Amino acid sequence: MSKKVLIGVAWPYVNGDIHVGHLGGYLLPADIIARFHRLRGDDVLMVSGSDCYGTPITVEADKKGLRPEEVVDIYHKKDLELFRMYGLDYNLYTKTTTQKHKEVVHELFLKLLDNDYIEKGVMQQYYSIDDKQFLPDRYVEGTCPYCNASNQRSDQCESCGRWLKDGELIDPVSKLTGSKVTLKDTEHYFLNFEKLEPQLREYLDANKGNWKKWVWNEANGWLKEGLQRRAITRDMDWSIDLPIEEIKKRDESKQLKDFTGKHIYVWFEAVIGYLSATRAWCEMEEGTPDTIFKREDGQSRNWEDWWKRPDSVIYNFMGQDNLVFHALMWPGQLMGLNDGYQLPKYVVVNKFLNYEGKKFSKSRNWTIDSKVIAEKYGVDLVRYYIARNLPENKEGNFTWEDFVASVNNELVANLGNLVNRTLTFIQNKFSGEIEVEQILPTGALSSSMTFERVSGYLSGFANAVDEEEFQNGPWIVKAFDEIMELSRKGNVYFDQMKVWQMIKEDENEAKVILMNLVNLIYDLGILIYPFLPETSNKIMKLLNVDVVSTKVGSDLWTNSNHKVLNEIKLAEIELLFNKLDPEKVLAEKDNSD
RNA sequence: CGCGGGGUGGAGCAGUGGUAGCUCGUCAGGCUCAUAACCUGAAGGUCGUGCGUUCGAAUCGUACCCCCGCAACCA
């Protein structure tokens, strides 16, 4: 039976456009790892969706004069379109507003309540008497007690930078209506993380070797500091409601005095999406227009295969702002269920990708529209550049200058050139057709080592090559390096063999060498599939062989498993990539200033 | 002492005790099948600063300087 691999990709908030930073931070890395595992024949389930609830959505809705549902619709649709365009290969991309999600959230809530990890508590929150409702911090403004700046948020003064405690803000008023607000006691449910600390300790210790060092350290820092109970409900309408009827069947000690207006907090609910989406996918027959849906032959439809089998592997991908939620909170929620759930094995976090040295910022109009750049330059050029610059350990930087240099000097000059010079040669000298008895085993060209090393980096598993190097994987940038190095070796081989001379001296020998190169290109077409799927397809089409098509249980990755080409009949030759015009591309920089 | 990360040739990075590496750029040479692409070679770094440990430190300790992320309702 094939290995079960769950790829949980952080759920993007639907309050704004996805920019290149999001792609590099977690969307693309997740897709690369998912595609890699599919190539190995694993039963991969990559799930995610739009995170639809919470104040960021309502704030955006207010700004646009729309209802939250409308904002969700607009961005969910845009995101779907973008992800399809980039070939992000989700098995299910859904959203948190589905009935199924709500059911699963309720189920988990009740289970945690019954297991005594959820308890009641009282906190203070701003309350508008006139509007008769509690207000989230973002909806309250007043005067900063330190610098007397007016119209400041209740949590932090933008003017002097000070963090404010509840109640410090002078003359707080509702941002919506301007009516006066006061702090008022409000009863909520809390998740008791203190109780989970010993288990979380064990969890971190067990996964030390699986996470990048800085990720582990950061999580460890949080845990060392001590976790506190954390509110999982709030007074906010645009959220999933509580399963009140069910709660009322419980003991009175588990019930709030007043359930009016109480809803589930988004941080508690959104991560449950990984589970609810898995279950939804298992039950669905086919996708709907508001989802991305994919099911391969041979995939299991039993959700417990991914969530409860001890040999299943769970990955989570996210930006660094999500680290604590995925490294501690979500595992804590799962532990509290006490029901045999597998915990995420790889918590894969990247830092931020900056844009020309500065943070991407929508409000300051400092951003690259993912859709526009892909339309202009092609999805794979963007995927290439981002994948080569992933902020795996420190912040990355997107610069147009670097983009041009990377594409022209590395991708085009190395891989593009190897493919083009080899195929053109075969086309010109042999009308695109060659057949040989067998290809030569050549040390320099042996790519089995590359397959192994790339696997090591992508899966984080140290195998035969060098254990030290593979610690704290997955390492996508290093894996890509290996592939480009193999491509470079092809160029060296072409030169060393002096193919253009050899053809005059020994035509058969030249054919063998060319066939070696064809096989190398074929291997590269497979190796590159997780990174540049369009390019992989293009290579296979040029070679006139089947494009990569993954199947559960069939390992197309392992070098010894895929076929060796002894004959070839090329399709019409085109360039894999076109060089970029530096002047045109660098003009982008001025446009965004 | 809030938590965490980083400071290595022009740029971006790898390297955690034993002659400082990679990609790009630069310079020189070679080749001509290839998108002025490819191949070979060279130049270029006192590894943020001081002190210390050690036979020996980019790598360990310590003090300091600088940059950055997070800090629980900006997931």
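Everything numeric in this text was worked out from a predicted model, so none of it was measured. Residue numbering restarts at 1 for every chain, and letters A, B, ... go by the order of the sequence lines.
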### Message
Heavy atoms only, 4.0 Å cut-off, all strands: where does A:Arg234 land among base, sugar-phosphate and nothing?
### Response
base

Between [X] ([atom1]) and [N] ([atom2]), how many Å, whole number?
| X | N | atom1 | atom2 | value |
| --- | --- | --- | --- | --- |
| A:Trp222 | B:rA72 | CH2 | P | 7 Å |
| A:Lys212 | B:rG4 | NZ | C1' | 14 Å |
| A:Leu223 | B:rG4 | CG | P | 12 Å |
| A:Ile264 | B:rC73 | CD1 | P | 16 Å |
| A:Phe403 | B:rU23 | CZ | P | 22 Å |
| A:Asn350 | B:rG69 | CG | P | 17 Å |
| A:Ile483 | B:rU23 | CD1 | C1' | 15 Å |
| A:Asn397 | B:rC24 | CG | P | 20 Å |

### Message
For a ring-ring contact (aromatic ring centres under 6.0 Å, His included) check, start with the C-alpha distance between A:Tyr203 and A:Trp211, then their side-chain angles and the critical distance, and finish with the verdict.
### Response
CA-CA 12 Å; A:Tyr203 171 63; A:Trp211 301 1; 5.7 Å; yes

Which value, in whole Å, describes the distance between the [atom1] atoms of nucleotides [N] and [M]?
| N | M | atom1 | answer |
| --- | --- | --- | --- |
| B:rC68 | B:rA63 | P | 23 Å |
| B:rU53 | B:rU62 | C1' | 10 Å |
| B:rG30 | B:rA37 | C1' | 15 Å |
| B:rU54 | B:rG61 | P | 15 Å |
| B:rA14 | B:rG56 | C1' | 23 Å |
| B:rU8 | B:rC3 | C1' | 26 Å |
| B:rA42 | B:rC51 | P | 35 Å |
| B:rC67 | B:rU26 | C1' | 28 Å |

### Query
Is the cationic atom of A:Lys120 (NZ for Lys, CZ for Arg) positioned less than 6.0 Å from the six-membered ring centroid of A:Phe190 and within 45 degrees of its normal?
no

### Message
Less than 6.0 angstrom from the centroid, inside 45 degrees of the normal: does A:Lys429 satisfy that with respect to the ring of A:Phe425?
### Response
yes

#### Entry: Under 4.0 Å protein heavy-atom contact, by nucleotide of nucleotides 25-38 of chain B - B base, S sugar-phosphate only
S----BSSBBB-SB

### Task
Let me have a per-nucleotide readout for nucleotides 6-14 of chain B, 5' to 3', with B, S or -, counting only protein heavy atoms under 4.0 Å.
S------SS

Listed partners of [X] passing side-chain hydrogen bond (donor to acceptor under 3.5 Å, both in side chains), at least two apart:
| X | answer |
| --- | --- |
| A:Thr535 | A:Asp380 |
| A:Arg383 | A:Asp31 |
| A:Thr424 | A:Asn420 |
| A:Thr94 | none |

### Task
Name all residues meeting the salt bridge (charged side-chain N to carboxylate O under 4.0 Å, His left out) criterion together with A:Asp495; count only those two or more places apart in sequence or in a different chain, and write none if there are none.
A:Arg421

### Task
Please list, chain by chain and in numerical order, all residues satisfying salt bridge (charged side-chain N to carboxylate O under 4.0 Å, His left out) with A:Lys102, sequence neighbours excluded.
A:Asp241

Ring centroids only, cut at 6.0 angstrom: are [X] and [Y] within range, meaning strictly under it?
| X | Y | result |
| --- | --- | --- |
| A:Tyr384 | A:Phe531 | no |
| A:Phe398 | A:Tyr385 | yes |
| A:Tyr189 | A:Phe109 | yes |
| A:Tyr53 | A:Trp238 | yes |

### Query
Phosphate oxygens OP1/OP2 of B:rA75: is one of them under 4.0 Å from a side-chain N or O of A:Tyr265?
no

### Query
Considering heavy-atom distances to RNA chain B, does A:Gln228 or A:Phe268 have its closest nucleotide positioned more toward the 5' end?
A:Gln228

### Summary
What residues 320-329 of chain A contributes to the RNA chain B interface at heavy-atom separation below 4.0 Å is A:Gln320, A:Asp321, A:Asn322, A:Phe325, A:Met329

### Message
Less than 3.5 Å apart, any donor N or O on the side chain of A:Asn350 or A:Glu392 sitting next to an acceptor on the other?
### Response
no

## Note on the structure
Base-paired stretches in RNA chain B with three or more consecutive Watson-Crick or G-U pairs, both distances under 3.5 Å, amount to B:2-7 with B:65-70, B:10-13 with B:21-24, B:26-30 with B:38-42, B:48-52 with B:60-64

### Query
What orientation do A:Trp400 and A:Tyr377 show, parallel under 30°, tilted 30 to 60°, or perpendicular over 60°?
tilted

### Summary
Residue pairs passing the side chain to side chain donor-acceptor pair (under 3.5 Å) test with at least one member in residues 316-329 of chain A, sequence neighbours excluded, are A:Tyr274-A:His326

### Query
Do A:Glu194 and A:Arg229 pass the salt bridge (Lys or Arg N to Asp or Glu O under 4.0 Å) test, and can you show the C-alpha distance, the side-chain angles, and the key distance before you say yes or no?
CA-CA 7 Å; A:Glu194 274 170 83; A:Arg229 65 176 201 173; over 6 Å; no

Tabulated below should be each protein N or O lying under 3.5 Å from an N or O of nucleotides 42-44 of chain B; please produce it.
none

### Message
A:Glu482 vs A:Arg453, test: salt bridge (Lys or Arg N to Asp or Glu O under 4.0 Å). Steps then yes/no.
### Response
CA-CA 7 Å; A:Glu482 292 284 338; A:Arg453 293 180 64 86; 3.0 Å; yes

